[in-house]
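As structure tokens, the structure follows; a few thoughts come after it.
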Amino acid sequence: MLDADGHQIGDNVAASRRREAHGGDGANRSHRPYYRLAREATSPVLTEPYLSSTNGHICITATAPVRDETGKLLGMVVADSELDRTLAFLEEDGSRRSFEPYFKFIYLLFSAGLLMVSMALGLHALIALGPVWSTVTTSDDFSAPFQATILFTLALAVFDLAKTIFEEEVLLRKDIRRHSTTRRTLTRFVAAILIAVSIEGLMLVFKFALDAPQHLWLAIGLLVAAAALMVALGLYVYLGAQAEVLLLRNRDQRHDGQ
């Protein structure tokens, strides 16, 4: 609460989740934008979003001026609210957001584990390349390059998956209400698997063509499966985009009707 001159009356009153010490009694708030807005207003005012000096979060301030019968300003009541928590309250999403830090920590652990698996696969791929430079190995032995290529491909797919999880779930705030967010994550994951499967099929084509031509149909079947996966992924992306357009259009129509 502030008096008519903008001096605070009493200490700050914070939500129970706040642990910082309450203070501010007697502080001069007359230079603050919310005081200047409410000083000339007859009804509550709301500031533009700004960076809080307390915790560095984006917040908004609501100020209600208190006047007597003649309209003289007696003081005002000021309330700050973090913008993200205000939006969570309006969207009835507070419970999920309260668990979000724990989910991010779990995703961080899994992405770190996948990153270590990717590094281990890359290391084994380098070790598998050893026989390539050995003078003991015959020149027509292609097992070492194929094995190294398979391990490098798997390492790349696992690394891309770990990077996707880290970017989408830890660094960036993903809006679960938008279908494009889930579609983007799934698309990147399937694309990484598609690249790995395609390379595996290509390697098998060369291997069976040289060593076991009778099994060449297995490699061809793997490439056909990769092509079918690519078609399915394209269809999924197209239908998902069309569905989101329809959902946004219906939402806009409901808002216009209200």
(Q) Through direct or indirect side-chain contacts below 4.5 angstrom among Ile, Leu, Val, Met, Phe, Trp and Tyr, which residues connect to Leu246? (A) none
Q.
Looking at every heavy atom in both Ala226 and Ser198, which two are closest together, and how far apart are they?
A. CB-OG, 3.7 Å
Q) What distance separates Leu46 CG from Thr61 OG1, expressed to the nearest 0.5 Å? A) 8.0 Å
Q) Of the non-hydrogen atoms in Gly201 and Ala219, which two are nearest, and what is the gap between them? A) O-CB, 4.0 Å
Q) Roughly how far, to the nearest 0.5 Å, is CG of Leu121 from CZ of Phe152? A) 10.5 Å
Q: Please check if Met76 and Ile9 belong to a single hydrophobic cluster, counting links between Ile, Leu, Val, Met, Phe, Trp and Tyr side chain heavy atoms closer than 4.5 Å.
A: no
Q: Please round to the nearest 0.5 Å and tell me the distance separating atom CZ of Arg39 and atom CG of Leu2.
A: 12.0 Å
**Q.** Distance, nearest 0.5 Å, that separates CG of Asp80 from CG of Asn12
**A.** 8.5 Å
Q) Is there a path from Leu233 to Val224 through hydrophobic residues (I, L, V, M, F, W, Y) whose side chains come within less than 4.5 Å of each other? A) yes
Q.
So Tyr34 and Val45, do their side chains get closer than 4.5 Å, heavy atoms only?
A. no
Q) Are Ile58 and Tyr50 side-chain neighbours, meaning at least one heavy-atom pair lies under 4.5 Å? A) no
Q. Would Leu222 and Leu204 satisfy side-chain contact (heavy atoms from CB on, under 4.5 Å), going step by step from the backbone distance to the final call?
A. CA-CA 9 Å; Leu222 185 60; Leu204 288 178; 3.8 Å; yes
Q) So, for Ser111 and Ala162, which heavy atoms are closest and what is the spacing to 0.1 Å? A) O-CB, 3.6 Å
Q.
Tell me every residue that passes side chain to side chain donor-acceptor pair (under 3.5 Å) with Asp160, counting only those two or more places apart in sequence or in another chain.
A. none
(Q) Rounded to the nearest 0.5 Å, what separates atom CZ in Arg32 from atom OG1 in Thr47? (A) 9.0 Å
Q) Any donor-acceptor pair under 3.5 Å linking the side chain of Gln214 with the backbone of Leu216? A) no
Q. Are Leu151 and Ile127 linked, directly or through other ILVMFWY residues, by side chains that come within less than 4.5 angstrom of each other?
A. no
Q. Same cluster for Val205 and Leu229 if Ile/Leu/Val/Met/Phe/Trp/Tyr side chains link at under 4.5 Å?
A. yes
Q. Could you state the interatomic distance from OH (Tyr35) to CG (Leu73), rounded to the nearest 0.5 Å?
A. 6.0 Å
Q.
Just so I know, are the side chains of Leu37 and Thr63 near enough to count as touching, which here means a heavy-atom distance under 4.5 Å?
A. no
Q) Do Ile165 and Phe110 come close enough that some side-chain heavy atom pair is under 4.5 Å? A) no
Q.
Is there a path of hydrophobic side-chain contacts, each under 4.5 Å between heavy atoms, that joins Met230 and Val197?
A. yes
